[in-house]
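Quick note: numbers below take in every heavy atom, side chains included, and nothing from hydrogens, waters or symmetry partners.
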Amino acid sequence: ERFGGAESRLERRDPVFTRGTSMHTAIATQVIGTLLKPRQWKPPPPGRMFDFSPHELVELCEHAEAVLRDEPTLLELNAPIKVFGDIHGQYPDLMRLFAEFGQPSQTGDLDLVDYLFLGDYVDRGAYQLETICLVLALKIEHPDRVYLLRGNHESPEINEKYGFRDECLERLGPMGDTVWRCFNAVFAWMPLAAVIADKIFCVHGGLGLTIDTLEQVAAIQRPIQKADTVALMDLLWSDPASHDSVRGISLNVQRLGIDRTPDRPPEPGECTTFDADRVNDFCRRNAIHLIIRAHECVMDGFERFAPGRLVTVFSASRYCNTYENAGAILLIDRKLTVIPKLLKPSAATHYGWHDNYDTRPPTPPRHRALGVPGKGQGDDTLEADVGQPMRLRNPPADHSQDSLATMRNIAQSLPQTQRQRPQSPPATSRVASSPGMLRSGSRSPQR
């Protein structure tokens with residue numbers, strides 16, 4: 001009864017939960033204590049109900065919504081930070097990532113590094129409730145250290161079909177549908193993108209046809225229940241082209257389930273693929289050095305595009321027990337060096353996926369150049385070593401011949417001792433004052 005009118009309230013853009021909700025986080029502490037066990041967690045026996053009751057999960061959603069509602073659509077964060085791609089309910093892999101590369105707790109590395117998740121916490125995997133409950137509890141407990149973006153599967157029209165609603169019904173009993181609706185009410189408030197140190201743009205999907213500026217993203221109003229608007233189709237659903245040599249923006253034939261690209265340009269609101277020029281234009285316009293996104297399975301856990309201006313990261317290995325892909329996270333240090341951390345596929349965690357995907361087959365991974373890990377097709381200007389740090393480069397310059405000629409003439413007229421490049425000033429916030437943006441809290445000296 002309490003959440004029966006959730007959809008109508010969302011359409012009016014009214015909060016599902018009142019701001020007067022108590023922010024006591026006993027339930028978040030309990031969830032973290034039960035589920036955050038990277039080296040000790042074991043899967044529950046088949047047929048066992050979830051560890052927490054529907055009423056406790058409603059309370060968890062209540063606190064999570066209150067925290068997310070206070071955040072803007074476009075977050076502005078600092079480094080060092082870890083970036084996670086799709087998890088998709090593959091909870092054993094999430095525990096492996098925490099065990100091998102540090103966990104978000106006071107006994108882990110939370111005092112040293114922040115955490116950013118790029119969405120797709122649910123669907124496909126066998127432990128979706130564990131995954132979404134843990135990340136929401138971490139967000140409640142550490143709101144200025146853990147950040148959650150929305151993925152395309154954090155929408156009711158998607159996770160009703162791809163497994164999350166089914167799991168809620170199976171493991172929570174008659175109230176499972178109510179809890180599923182509560183989770184989707186929380187998803188409606190999730191931020192859509194983040195900027196790290198004014199230089200790295202992070203999003204679940206991509207740029208699509210219409211995303212041109214950071215301010216455009218920041219201006220999107222929430223809550224948004226269904227991700228079917230023009231902007232959300234671009235931010236949550238679009239993909240880079242299959243390789244760097246492809247030019248133009250096209251309909252995304254793989255996600256649309258069609259055999260070939262129609263002989264017409266895509267229209268706003270359609271699922272698209274975008275080319276390297278689109279990436280370079282966005283970086284140049286917004287003084288962005290790198291785009292990090294998720295959304296696609298990549299065989300090496302991460303893959304570069306455009307060349308090196310965009311990185312796809314996918315954190316769940318052996319996707320749906322169908323592909324032998326690695327999982328990965330990206331560690332961004334204080335100097336904004338991007339360091340991939342890889343999780344090799346292991347048959348020991350096969351139970352993290354369901355057994356049957358006949359009615360909901362997984363989207364195939366991106367095709368990469370054979371024998372060259374971490375590289376997309378045609379991306380032959382980058383390092384070939386898996387896990388090699390990626391250093392940021394300046395945004396693409398405006399190649400105006402007149403401007404370039406003028407700069408060359410000035411440089412040639414200077415004495416040799418004056419041609420040294422000056423030290424770059426500290427990065428300052430370019431759009432922190434824009435509505436819908438937030439800069440993360442200041443860091444302690446230890447960080």
Side-chain angles (χ1 to χ4, degrees), residues 6 9-10 13-25 27-28 32 60-79 81-84 104 110 113-122 132-152 154-155 182-198 200-205 211 213-225 227 229 231-232 235-236 292-294 332 429-443:
R9 283 195 292 270
L10 284 167
R13 299 191 181 277
D14 294 337
V16 174
F17 307 101
T18 63
R19 193 62 188 95
T21 298
S22 169
M23 288 308 296
H24 178 58
T25 60
I27 181 60
I32 293 172
L60 182 74
C61 289
E62 189 172 47
H63 294 317
E65 188 274 337
V67 173
L68 293 170
R69 189 158 59 91
D70 280 346
E71 291 187 329
T73 301
L74 179 62
L75 302 171
E76 192 168 353
L77 310 177
N78 291 315
I81 191 168
K82 293 178 186 176
V83 182
F84 290 70
L110 201 58
V113 62
D114 289 347
Y115 283 70
L116 173 63
F117 295 84
L118 300 184
D120 276 13
Y121 315 98
V122 299
I132 189 58
C133 287
L134 179 61
V135 297
L136 290 182
L138 289 170
K139 180 61 186 175
I140 296 168
E141 197 84 344
H142 310 288
D144 61 343
R145 292 292 178 257
V146 176
Y147 299 94
L148 309 178
L149 299 187
R150 184 175 183 174
N152 63 304
E154 279 69 63
S155 295
C182 292
F183 276 118
N184 277 288
V186 175
F187 298 158
W189 285 97
M190 283 183 168
L192 300 178
V195 178
I196 300 172
D198 299 317
I200 302 175
F201 178 67
C202 299
V203 68
H204 178 73
I211 303 301
T213 67
L214 298 178
E215 290 79 7
Q216 181 182 355
V217 179
I220 298 173
Q221 298 296 310
R222 297 169 298 150
I224 307 169
Q225 186 180 28
T229 65
L232 265 66
L235 291 169
L236 304 187
I292 297 177
R293 45 92 64 174
I332 303 172
S429 174
R430 292 172 289 103
V431 287
S433 61
S434 301
M437 294 202 63
L438 174 71
R439 194 167 192 83
S440 84
S442 60
R443 300 186 174 281

Peer 1: Could you go through V146 and V135, starting from their C-alpha distance and side-chain angles, then the distance that decides it, and tell me whether this counts as side chain to side chain contact (heavy atoms under 4.5 Å, CB included)?
Peer 2: CA-CA 8 Å; V146 176; V135 297; over 6 Å; no

Peer 1: Is it true that a side-chain atom of E154 and a backbone atom of N184 form a donor plus acceptor pair closer than 3.5 Å?
Peer 2: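 Checked: no pair found.
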
Peer 1: Apply side chain to side chain contact (heavy atoms under 4.5 Å, CB included) to residues L136 and Y121 and explain how you reach the verdict.
Peer 2: CA-CA 10 Å; L136 290 182; Y121 315 98; over 6 Å; no

Peer 1: Closest approach of F183 and C133, non-hydrogen atoms and distance?
Peer 2: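 Closest approach of F183 to C133, heavy atoms only: CZ-SG, 3.9 Å.
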
Peer 1: Do you know which of L75, L74, V203, L232 makes side-chain contact (heavy atoms from CB on, under 4.5 Å) with L192?
Peer 2: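 Answer after filtering L75, L74, V203, L232: L232.
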
Peer 1: Nearest 0.5 Å please: distance from the CG atom of L236 over to the CG atom of L149.
Peer 2: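 If I round to the nearest 0.5 Å, the distance is 9.5 Å.
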
Peer 1: With side chains defined as the heavy atoms from C-beta onward, is the minimum distance between E62 and C182 less than 4.5 Å?
Peer 2: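 Side-chain contact under 4.5 Å: no.
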
Peer 1: Only one of I332, I81, I196 passes side-chain contact (heavy atoms from CB on, under 4.5 Å) with D114; say which it is.
Peer 2: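 Passing option: I81.
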
Peer 1: How many angstroms lie between CD1 in I27 and NE2 in H63, if you round to the nearest 0.5 Å?
Peer 2: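 The NE2 atom of H63 is 8.0 Å from CD1 of I27, to the nearest 0.5 Å.
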
Peer 1: Should L77 and Y147 be marked as a side chain to side chain contact (heavy atoms under 4.5 Å, CB included) after you check the CA-CA gap, both sets of side-chain angles, and the distance that decides it?
Peer 2: CA-CA 9 Å; L77 310 177; Y147 299 94; 3.6 Å; yes

Peer 1: Find the distance between NZ (K139) and CG (L68) and round it off to the nearest 0.5 Å.
Peer 2: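 So the NZ of K139 and the CG of L68 are separated by 6.5 Å.
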
Peer 1: Rounded to the nearest 0.5 Å, how far does CZ of R150 lie from OG of S155?
Peer 2: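 S155 OG to R150 CZ: 4.0 Å, rounded to 0.5 Å.
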
Peer 1: To the closest 0.5 Å, what do you measure between CE (M190) and CD1 (I224)?
Peer 2: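 M190 CE to I224 CD1: 13.0 Å, rounded to 0.5 Å.
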
Peer 1: Can you confirm whether V186 sits close enough to L60 that some side-chain heavy atom of one is under 4.5 Å from a side-chain heavy atom of the other?
Peer 2: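 V186 does not reach L60 side chain to side chain.
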
Peer 1: Assess the residue pair V67 and W189 against the criterion (side chain to side chain contact (heavy atoms under 4.5 Å, CB included)); give the C-alpha distance rounded to whole Å, side-chain angles, the decisive distance to 0.1 Å, and a yes or no.
Peer 2: CA-CA 9 Å; V67 173; W189 285 97; over 6 Å; no

Peer 1: If only atom types and distance count, is the side chain of D120 paired as donor or acceptor with the main-chain N or O of N152 below 3.5 Å?
Peer 2: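 Confirmed, D120 side chain pairs with N152 backbone.
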
Peer 1: For a quick test of reading the model, state the closest non-hydrogen atom pair linking V217 to A193 and the distance between them.
Peer 2: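 Heavy atoms only, the tightest pair is CG1-CB, 4.0 Å.
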
Peer 1: Grab the two heavy atoms, one from R293 and one from G205, that are nearest each other, plus how far apart they are.
Peer 2: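 Shortest heavy-atom separation between R293 and G205 comes out as NE-O, 2.7 Å.
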
Peer 1: Check whether T73 reaches the backbone of I220 with its side chain - one donor and one acceptor, N or O, closer than 3.5 Å.
Peer 2: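 Yes; at least one donor-acceptor contact below 3.5 Å.
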
Peer 1: Please give me the minimum heavy-atom distance between P104 and Y115, naming the atom from each residue.
Peer 2: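 The pair with the smallest heavy-atom distance is N-OH, 3.3 Å.
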
Peer 1: Looking only at atom types and distance, does a side-chain atom of H204 sit under 3.5 Å from a main-chain N or O of L118, one as donor and one as acceptor?
Peer 2: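 Judged by distance alone, yes, a pair lies under 3.5 Å.
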
